[in-house]
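No hydrogens, no waters, no symmetry mates; every other heavy atom, side chains included, goes into these values. Please read all numbers here as calculations on a predicted model, not as lab measurements.
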Amino acid sequence: MSNFFYNSDSELETLVPGKNYRKVLAHSENLMIVEVYFEDGFDALEHKHVHEQASYCAEGEFEFRIGGEVKVIKEGDTVYMPSNVMHSCKVLTPKGKLVDVFTPQREDFLK
């Protein structure tokens with residue numbers, strides 16, 4: 001496995017046309033970093049997973065719901081989701097971008 005991951009080699013995956021996209025930037029067995037793009041008020045469904053997750057807001061403003069707590073974050077802010085805790089987010093600006101880090105990697109994001 002290479003230690004270098006080039007943006008030009010990463011594929012943008014459409015999750016919801018016109019609303020939600022993601023690009024896996026780098027990964028190993030223990031770690032994954034993903035760019036996630038949101039448009040037009042997209043509201044992610046509440047979910048949980050065994051992975052720990054940190055999300056850095058690279059663009060826009062988001063409302064996060066984590067284990068019953070609701071807070072708004074904006075560009076430059078970071079939020080943490082523990083393993084197996086229900087969470088979701090909604091973009092509050094016309095466009096938004098999060099940089100998500102997961103441990104261990106999300107095998108379901110790999111093709």
Quick one: list whatever passes side chain to side chain donor-acceptor pair (under 3.5 Å) with [X], sequence neighbours left out.
{"X": "Lys19", "answer": "Asp40"}
{"X": "His27", "answer": "Gln105"}
{"X": "Lys23", "answer": "Asn7"}
{"X": "Asn30", "answer": "none"}

Euclidean distance, Arg22 CZ relative to Leu98 CG, rounded to 0.5 Å:
13.0 Å
Could you measure the distance from the CD1 atom of Ile73 to the OG1 atom of Thr78? Nearest 0.5 Å is fine.
7.0 Å
Assess the residue pair Phe62 and Cys57 against the criterion (side-chain contact (heavy atoms from CB on, under 4.5 Å)); give the C-alpha distance rounded to whole Å, side-chain angles, the decisive distance to 0.1 Å, and a yes or no.
CA-CA 8 Å; Phe62 292 83; Cys57 183; 3.8 Å; yes
Between [Y] and [X], is there a side-chain heavy-atom distance shorter than 4.5 Å?
{"X": "Ile66", "Y": "Met81", "answer": "yes"}
{"X": "Cys89", "Y": "Phe42", "answer": "no"}
{"X": "Tyr21", "Y": "Glu39", "answer": "yes"}
{"X": "Tyr37", "Y": "Leu12", "answer": "yes"}
{"X": "His51", "Y": "Pro104", "answer": "yes"}
{"X": "Thr14", "Y": "Val16", "answer": "no"}

Show every salt bridge (charged side-chain N to carboxylate O under 4.0 Å, His left out) that has at least one partner inside residues 86-103, sequence neighbours left out.
Glu35-Lys97
List, by chain and number, the other hydrophobic cluster members for [X], where Ile, Leu, Val, Met, Phe, Trp and Tyr join if side-chain heavy atoms come within less than 4.5 Å, directly or indirectly.
{"X": "Phe4", "answer": "Tyr6"}
{"X": "Val101", "answer": "Leu25, Leu31, Ile33, Tyr56, Val99"}
{"X": "Val72", "answer": "Leu92"}
{"X": "Leu45", "answer": "none"}

Not counting sequence neighbours, list each pair that qualifies as a ring-ring contact (aromatic ring centres under 6.0 Å, His included) and has a residue in residues 63-105.
His47-His87, His49-His87, His49-Phe102, Phe102-Phe109
What pairs meet the side-chain hydrogen bond (donor to acceptor under 3.5 Å, both in side chains) rule with one or both residues in residues 59-73, with sequence neighbours excluded?
Asp43-Arg65, Glu63-Arg65, Arg65-Ser88
Residues passing the salt bridge (Lys or Arg N to Asp or Glu O under 4.0 Å) test with Glu107, sequence neighbours excluded, are none
